[in-house]
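Worth knowing before you read on, the calculation uses all heavy atoms, side chains too, and leaves out hydrogens, waters and symmetry mates.
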Amino acid sequence: MLQFITHQTDRYDTIQGALLALQGGCRWIQLRMKTAPHDEILRNAIVLKRLCWDFGATLIIDDHVDICLMADADGVHLGKEDMDPEKARIVLGKDKIIGGTANTFADVQLLAAKGVDYIGLGPYRFTETKKKLSPVLGLEGYRSVLENCKKLQLEVPVIAIGGLRDRDFHALLETGVAGVALSSSILSAVDPKAETKRLIQVLSER
């Protein structure tokens, strides 16, 4: 699975970048606008919901449970400093997707106990798209966390995130991750739509 996390560049705004990923075949978009005003995030969420509906894609809102409801997005992704997943479940109901951010196996255990639907584990390496960066995991970090998940039979899907490149995919997927989340590597390509298609193909050849 390929997840695309939105951000703005000199060439593309949030909606343009997401549209290119959708046109390239990505079917999971996370709207992430950390420093934007609430109203701006909501406007983008409403537009992206329509686009994702047109492409048959899933839309996840980063941080904002209320915007997830107002835009009728498919779910929310919660960082460590955001709403507790159990409280979010009460607010959102059983049908919305709830994801959480983890950096350690202890984080994964806690999130699994709180009933999240997936976990974004990272960062794999340094990335400039996150200002508050947790300790870098590297391949060995992923192996350790996923091995512990297998031992305790934790079956929550784990998505790798943070500075990933296509050359990392094979080894990461071997650890047991369910997919990867990308942002800058797609929008920095000469042709983001073609790059999305290529990355999906690479993932399918594991």
Side-chain angles (χ1 to χ4, degrees), residues 1-36 41 44-45 47-48 51-52 55-63 74-75 77 79 97 99-103 118-143 145-146 157-206:
M1 172 195 284
L2 174 65
Q3 297 186 4
F4 176 75
I5 300 176
T6 68
H7 77 286
Q8 289 185 300
T9 72
D10 292 338
R11 292 194 295 167
Y12 309 111
D13 65 22
T14 298
I15 300 299
Q16 290 169 335
L19 179 57
L20 288 166
L22 288 166
Q23 290 173 335
C26 182
R27 293 298 176 260
W28 185 292
I29 305 293
Q30 182 187 137
L31 176 61
R32 185 175 187 271
M33 301 175 68
K34 285 291 186 184
T35 61
I41 300 172
N44 278 269
V47 173
L48 271 182
L51 285 175
C52 286
F55 282 90
T58 297
L59 174 62
I60 301 295
I61 308 298
D62 186 57
D63 297 349
D74 297 288
H77 184 91
I97 298 167
T101 295
N103 178 246
Y118 76 93
I119 292 169
L121 177 66
Y124 181 79
R125 63 166 60 86
F126 175 78
T127 172
E128 293 184 355
T129 59
K130 283 205 171 189
K131 293 182 179 179
K132 294 181 180 179
L133 195 68
S134 299
V136 171
L137 286 169
L139 184 59
E140 288 308 312
Y142 278 86
R143 283 178 177 151
V145 171
L146 270 296
V158 172
I159 305 298
I161 186 171
L164 298 171
R165 298 164 189 160
D166 58 355
R167 65 173 183 265
D168 304 316
F169 291 176
H170 180 74
L172 272 171
L173 291 169
E174 288 287 310
T175 70
V177 300
V180 301
L182 300 173
S183 183
S184 58
S185 62
I186 288 177
L187 294 188
S188 62
V190 174
D191 184 340
K193 182 165 63 173
E195 179 68 359
T196 302
K197 290 179 180 179
R198 187 185 72 82
L199 291 170
I200 291 171
Q201 181 62 35
V202 172
L203 283 168
S204 71
E205 294 172 349
R206 65 172 178 169

[X] side, atom [atom1]; [Y] side, atom [atom2] - distance, nearest 0.5 Å:
| X | Y | atom1 | atom2 | answer |
| --- | --- | --- | --- | --- |
| T175 | E140 | OG1 | CD | 10.0 Å |
| E195 | I200 | CD | CD1 | 10.5 Å |
| S183 | L164 | OG | CG | 11.0 Å |
| R27 | L22 | CZ | CG | 6.0 Å |
| I60 | Q3 | CD1 | CD | 7.5 Å |
| I186 | H7 | CD1 | NE2 | 10.0 Å |

Do you know the tightest heavy-atom contact between [X] and [Y]?
| X | Y | answer |
| --- | --- | --- |
| Q23 | K197 | O-CE, 3.9 Å |
| A57 | D74 | O-OD2, 3.9 Å |
| D62 | Q30 | OD1-OE1, 3.2 Å |
| I119 | A102 | CG2-CB, 3.5 Å |
| P123 | P135 | CD-O, 3.5 Å |

Is there a side-chain contact between [X] and [Y] (heavy atoms, below 4.5 Å)?
| X | Y | answer |
| --- | --- | --- |
| V177 | L121 | no |
| L59 | I61 | yes |
| I159 | W28 | no |
| L199 | F4 | no |

Do K34 and D63 pass the side-chain contact (heavy atoms from CB on, under 4.5 Å) test, and can you show the C-alpha distance, the side-chain angles, and the key distance before you say yes or no? CA-CA 8 Å; K34 285 291 186 184; D63 297 349; 2.8 Å; yes
Pair L19-Q16, side-chain contact (heavy atoms from CB on, under 4.5 Å): steps then yes or no: CA-CA 5 Å; L19 179 57; Q16 290 169 335; 5.7 Å; no
Would you please test H77 and I5 for side-chain contact (heavy atoms from CB on, under 4.5 Å) and show each step? CA-CA 11 Å; H77 184 91; I5 300 176; over 6 Å; no
Taking T6 for its side chain and R32 for its backbone only, find out whether a donor-acceptor pair lies under 3.5 Å.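 Yes, because the side chain of T6 sits within donor-acceptor range (under 3.5 Å) of the backbone of R32.
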For residues 2-26, pull every pair meeting salt bridge (charged side-chain N to carboxylate O under 4.0 Å, His left out), keeping only residues two or more places apart or in separate chains.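 Salt bridge (charged side-chain N to carboxylate O under 4.0 Å, His left out) check on residues 2-26 returns no pairs.
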Any chance you could lay out the side-chain contact (heavy atoms from CB on, under 4.5 Å) test for L20 and T196, step after step, and finish with the verdict? CA-CA 8 Å; L20 288 166; T196 302; over 6 Å; no
Knowing that exactly one of L137, V180, D168, V136 qualifies, which makes a side chain to side chain contact (heavy atoms under 4.5 Å, CB included) with Y124? D168
